[in-house]
Amino acid sequence: MSELIKHECGIATLRLLKPLSFYQKKYGSAFYGINKMYLMLEKQHNRGQDGAGFASVKLDMEPGNRYISRVRSNEAQPIQDIFKKINERINEELELHPEILEDIDSQKKNLPYLGEVHLGHVRYGTFGKNSIESVHPFLRQNNWMHRNLIVAGNFNMTNVNELFENLVELGQHPKEKADTVTVMEKIGHFLDSEVGKLYKKLKEKGYNKKEASPHIVEQLKVHKILRKSSKDWDGGYVIAGMLGHGDSFVLRDPNGIRPAYYYKDDEVVVVASERPVIQTAFNVDYEDVHELEPGQAIITKKDGSVHFKTILEPRERKACSFERIYFSRGSDAEIYKERKNLGRLLMPEVLKAIDYDTMNSVFSFIPNTAETSFYGMVEAAQDELNYQKNQAILKEKEGLTDERLSEILSLRLRTEKIAVKDVKLRTFIAEDSSRDDLVAHVYDVTYGVVKPTDNLVVIDDSIVRGTTLKKSILKMLDRLNPKKIIIVSSAPQIRYPDCYGIDMAKLEDFVAFQAAVSLLKERGIYKETVDAIYDKCKDQSEFAHQAEQNHVKAMYEPFSYEEVSDRIAKLLSDESINSEVKVIYQTVDKLHEACPKNLGDWYFTGDYPTPGGNKVVNKAFMNFYEGKNDRAY
């Protein structure tokens, strides 16, 4: 993608089902679990680079011995930083106690992080917060082993205020009004309650507190705790947790908005945000890695038994389509195929835009994530060129010479790497405050491959703000002096905020919204339109998070899809651009055709899967109307 948008986090959980000595004997290291967690987090580096954390739980530790370890980092390379700290701690202990080098039981007792239950997390600071206190996993401590709770997740809740008030009504005093804190405290409340009920029953049977503890561990129903905790949650989420005694869980939202995949055998139970992460880390086949169903939790008890429980009744599946377009690694077999289809399905509109002149057109892409869609687009373009060759041969068949046949058959599609990204600058300008000053230098172009008679077709994953296109890419491409520049987006027009994990919070940031504003003003209906939308949003804001309608759709209703695309092209190309500029967006129908399992499209259509989504978009419009530079969630 030509622009950075910070997005959802990545999680990884690993439960070792055998004693540590088993992994020492089979794989040559008792640190098998730690090594696999490092690999899984590194393979999800794409999902978050602002912070990383790792926590582990040791099973069956005697009182007086540490059984929970946690490390977090918000350094520039947080994954490397946390595992450097882990290695340093372990090496310090081994130097102090060299006698435990061959004694796995002693290593488990004395070395931090060397446990059987692991939880890792990578994140982006979605709200602009990147203090160490905001980095997952979060820890809720208690002297009773089974009341310790460690939580990490890939989620945004749209109704944080309501969840906060619920906690206050329960008598709690939350330290922060953040969705991570409220989620953890809600789970913690019902964990405490469930433990209390079990202890009360055991006490009536004559057990004292010490005698009751192992029975509580055995009888604790994690799925009941999760059902009670998640009843009022509104958002997209995958929430992972560990209890101090060794139970662990991963819960997915009922619309399946955020992704979660699992693998289990007789040695491990693994969950991660992406399928190929597990495939690579554990060298298993595609078919062996399964998707966690919406509303479902995978729960691994201390005894190693694995249970799949429906926590929330599944609703219409709305898995995030941006996962397929951009966020997830393209090494997933399904995603690779879908991204190629996204490019292929755009070709009919591209051919119209170049008047089917494939011989005088150069095809390229915005590096590096648009490359797969580019392959699909080029394959479709090659099909068209082959058709043109066939037609030429049939037309000239009566007088066709060997020389002319060779000339026709030698025609090749022209593909070039036109845009070259400066990776260092790309990293440096991640923050809005400095983006505008340096954005013009993010890309260079390859000179000498485009003629003044050529169309230049360049595909990007998505066009969000249009800032990089306007201030850098289009100006660079125009230096090549093509006849026409066609910018192709493999994603549809982003018209509405996301509130389930992707950092797209303000309507006025979207170039599609800017285009709608411009068109409304040109037609002289701007004020009446925005006033009417504002009044409806304000009226509905009184209904808390149960907003039933997205009123902002009215901004786009007067215009066709092509009109908005054409206005975006006009907004992106100022008078300094000599070439004709056209912008072609994927349609929503073709997006669904290419990615049939991930139909979450609220940022394109405004059709939010939860009431909280409608509340957020209406609030975003009110902020825009009132001139408030605030987030809507």
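If you're wondering where the values come from, they're calculated on a predicted model, not measured in any experiment.
With sequence neighbours left out, the salt bridge (Lys or Arg N to Asp or Glu O under 4.0 Å) criterion links Asp601 to no other residue. In terms of the side-chain hydrogen bond (donor to acceptor under 3.5 Å, both in side chains) criterion, residue partners of Arg324 (sequence neighbours excluded) are, by chain and number, Glu334, Glu338. Judged as a salt bridge (Lys or Arg N to Asp or Glu O under 4.0 Å), and not counting sequence neighbours, Lys521 has no contacts.
Checked by atom type, the side-chain pair Glu379/Tyr375 shows no donor-acceptor distance below 3.5 Å. Glu274 and Asn46 share a side-chain donor-acceptor pair at under 3.5 Å.
You'll find the ring centres of Tyr603 and Phe322 inside the 6.0 Å limit.
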Check: Should Glu384 and Thr358 be marked as a side-chain hydrogen bond (donor to acceptor under 3.5 Å, both in side chains) after you check the CA-CA gap, both sets of side-chain angles, and the distance that decides it?
Finding: CA-CA 8 Å; Glu384 171 61 24; Thr358 55; over 6 Å; no
Next item on the list: Walk me through it: do Asp357 and Asn360 pass the test side-chain hydrogen bond (donor to acceptor under 3.5 Å, both in side chains)?
Entry: CA-CA 6 Å; Asp357 186 3; Asn360 291 301; 3.1 Å; yes
Next item on the list: Report the C-alpha distance between Asp531 and Tyr625 in whole Å, list the side-chain angles of each, state the deciding distance to 0.1 Å, and finish with yes or no for side-chain hydrogen bond (donor to acceptor under 3.5 Å, both in side chains).
Entry: CA-CA 8 Å; Asp531 284 353; Tyr625 186 92; 2.5 Å; yes
Next item on the list: Start with the C-alpha gap between Glu508 and Lys506, add the side-chain angles, then the distance that decides, and say whether salt bridge (charged side-chain N to carboxylate O under 4.0 Å, His left out) holds.
Entry: CA-CA 6 Å; Glu508 57 269 33; Lys506 299 174 185 176; over 6 Å; no
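Using cut-offs of 30° and 60° on the angle between ring planes, the pair Tyr585 and Tyr561 is perpendicular. Between Phe621 and Phe513, the ring planes are perpendicular. Angles over 60° get that label, and only those under 30° would be called parallel.
A cation-pi arrangement, defined by a distance under 6.0 Å to the six-membered ring centre and an angle within 45 degrees of its axis, is absent between Arg258 and Tyr500.
Residues Val617 and Pro497 meet the side-chain proximity criterion, which asks for heavy atoms closer than 4.5 Å.
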